[in-house]
Each structure stands twice: as structure tokens, then as C-alpha cells.
Student: 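Take a look at the following structure, please.
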Amino acid sequence: MQSSGHEGPRQDDAEVAYLREVTALAESVITAEDPYEVALNIHGVSAHTSIEVDAAGSVHFIWGELTDRVELKPDEHEQARAERVRAAREWLSLDLANREAVARYLGYWVYDVCGYERRAGPRALPRC
């Protein structure tokens with residue numbers, strides 16, 4: 001991961017491992033013929049890690065929404081596929097050491113794309 005000079009608190013081992021795993025899966029989303037299964041893996045890994053890593057709760061919500069669209073609106077399969085690929089590409093473009101950039105990505109996808117309601121307070125992003 002690149003250092004941008006905007007790191008804030010040091011990332012712990014669980015967070016670094018999680019971010020690397022999601023990054024590897026995001027790369028697979030882009031190359032997969034049908035990224036649905038990979039998206040389910042991101043969703044599952046994030047659910048499992050959300051207790052240890054703050055960002056994982058939001059990633060869980062994002063990829064849950066992106067996989068639910070396939071299940072709930074099968075006629076939007078191609079649009080949902082394009083959104084999964086876009087989410088993965090945007091994730092891969094992040095400097096993951098820059099917590100502000102990661103927070104902007106998560107906020108955009110959770111609220112603006114997935115449509116979750118904004119909440120106030122120190123833990124404003126949705127939690128599992």
C-alpha cells in the first residue's frame with residue numbers, strides 16, 4: 001500500500017490483512033466473466049471481519065447491496081454487473097493507507113449509490 005502522508009492512526013495487522021484480501025478480490029471482480037461469486041466472497045469476508053475492522057462493516061453493506069440486486073432484480077443483471085465492476089475499480093484506485101480517501105469511498109457507495117440513510121454521530125456509517 002502506498003503512503004500518502006495522510007495516514008492518521010497506524011493500521012493494525014487485522015486491518016492490513018483485510019484490506020489486502022478485499023483488494024485481491026476486487027481485482028478478481030474485474031477479470032471474472034461473471035463477478036457475482038467474487039462479490040459474494042467480498043460480502044462474506046467483510047461480514048466476518050466487521051467486528052475487528054471498522055471499514056469492513058461498510059464494505060459488507062456495499063457488496064451485500066450489489067449482490068442483492070442480482071437476486072432481487074434479475075432483469076437488471078447487466079447493470080448490477082457494471083456497478084460491481086465500477087465499485088471494484090474505484091476500490092483499486094484508492095490509496096488504502098489514506099483513511100480519508102477510504103472513508104469518502106465508503107460514504108459514497110453506502111449512501112449515494114446503495115441508498116442507505118445517513119446517520120449522525122461518531123459511528124455514522126452503517127454497522128453490522
Side-chain angles (χ1 to χ4, degrees):
M1 285 181 267
Q2 300 172 8
S3 175
S4 67
H6 301 284
E7 293 89 4
R10 181 173 148 74
Q11 294 174 326
D12 66 19
D13 292 342
E15 183 176 13
V16 170
Y18 169 74
L19 294 173
R20 286 185 180 151
E21 185 169 9
V22 170
T23 298
L25 289 167
E27 289 169 351
S28 295
V29 166
I30 293 169
T31 60
E33 188 172 316
D34 183 0
Y36 177 74
E37 291 298 323
V38 181
L40 284 176
N41 287 338
I42 294 173
H43 183 247
V45 164
S46 299
H48 178 73
T49 310
S50 64
I51 293 172
E52 296 176 76
V53 177
D54 285 342
S58 295
V59 174
H60 172 74
F61 278 94
I62 293 164
W63 289 91
E65 176 68 23
L66 294 174
T67 55
D68 283 353
R69 285 182 63 190
V70 171
E71 298 162 8
L72 301 174
K73 299 177 181 180
D75 56 315
E76 295 181 10
H77 177 76
E78 286 306 313
Q79 181 184 2
R81 181 184 191 285
E83 283 292 272
R84 288 191 300 276
V85 170
R86 183 169 75 95
R89 285 187 195 283
E90 290 179 11
W91 177 267
L92 293 171
S93 73
L94 289 173
D95 172 0
L96 296 174
N98 182 336
R99 290 177 184 261
E100 291 175 14
V102 173
R104 281 191 303 272
Y105 169 91
L106 296 174
Y108 169 73
W109 278 92
V110 168
Y111 301 120
D112 300 333
V113 176
C114 296
Y116 286 95
E117 185 177 331
R118 291 188 185 272
R119 298 185 326 192
R123 298 247 217 224
L125 288 175
R127 299 288 304 155
C128 294

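Index from 1, following the sequence.
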Student: Do E65 and L72 have side chains that get closer than 4.5 Å, going by heavy atoms?
Tutor: no
Student: So, taking the atom named CD in E52 and the one named CG in D13, what distance separates them when rounded to the nearest 0.5 Å?
Tutor: 10.5 Å
Student: Looking only at heavy atoms, which two atoms of Y108 and E90 are closest? And how far apart?
Tutor: CE2-OE1, 4.0 Å
Student: Quick one: pull up CG in N41 and NE2 in H43 and give me the separation to the nearest 0.5 Å.
Tutor: 11.5 Å
Student: Indicate, with yes or no, if Y116 and Y105 share a hydrophobic cluster defined by side-chain heavy-atom contacts under 4.5 Å among Ile, Leu, Val, Met, Phe, Trp and Tyr.
Tutor: yes
Student: Test of understanding: clusters of I, L, V, M, F, W, Y form through side-chain heavy atoms closer than 4.5 Å, transitively. Do I30 and L40 belong to the same one?
Tutor: no
Student: Start with the C-alpha distance between T49 and E21, add both sets of side-chain angles, then the distance that settles side-chain contact (heavy atoms from CB on, under 4.5 Å), and finish with yes or no.
Tutor: CA-CA 11 Å; T49 310; E21 185 169 9; 5.7 Å; no
Student: So, do R84 and R69 sit near enough that their side-chain heavy atoms are less than 4.5 Å apart?
Tutor: no
Student: What are the two closest non-hydrogen atoms of A101 and L94, and how far apart are they?
Tutor: O-CD2, 3.7 Å
Student: Write down the atom of A26, the atom of A88, and the distance for their closest heavy-atom approach.
Tutor: O-CB, 3.5 Å
Student: List the atom of R81, the atom of A32, and the distance in Å for their closest heavy-atom pair.
Tutor: NH2-O, 3.3 Å
Student: With rounding to the nearest 0.5 Å, note down the distance linking CZ in F61 to CG in D68.
Tutor: 11.0 Å
Student: Nearest 0.5 angstrom please: I42 CD1 to W91 CH2, how far?
Tutor: 9.0 Å
Student: How about H77: does its NE2 atom have over 12 heavy atoms from other parts shown lying under 6.0 Å from it?
Tutor: yes
Student: Is any side-chain heavy atom of W109 less than 4.5 Å from a side-chain heavy atom of R86?
Tutor: yes
Student: Compare every heavy atom of E15 with every heavy atom of R99, then report the nearest pair and how far apart it is.
Tutor: NH2-OE1, 3.0 Å
Student: Take R118 and D112 through the side-chain contact (heavy atoms from CB on, under 4.5 Å) test and state the conclusion after the steps.
Tutor: CA-CA 10 Å; R118 291 188 185 272; D112 300 333; 3.3 Å; yes
Student: Might you point out which heavy atoms bring T67 and A39 nearest each other, and give the distance in Å?
Tutor: CG2-CB, 3.5 Å
Student: Is it the case that one hydrophobic cluster holds both V85 and Y36, taking links as side-chain heavy atoms less than 4.5 Å apart, direct or via other members?
Tutor: no
Student: Tell me whether V113 is reachable from V29 by hopping between hydrophobic residues (I, L, V, M, F, W, Y) whose side-chain heavy atoms are closer than 4.5 Å.
Tutor: yes
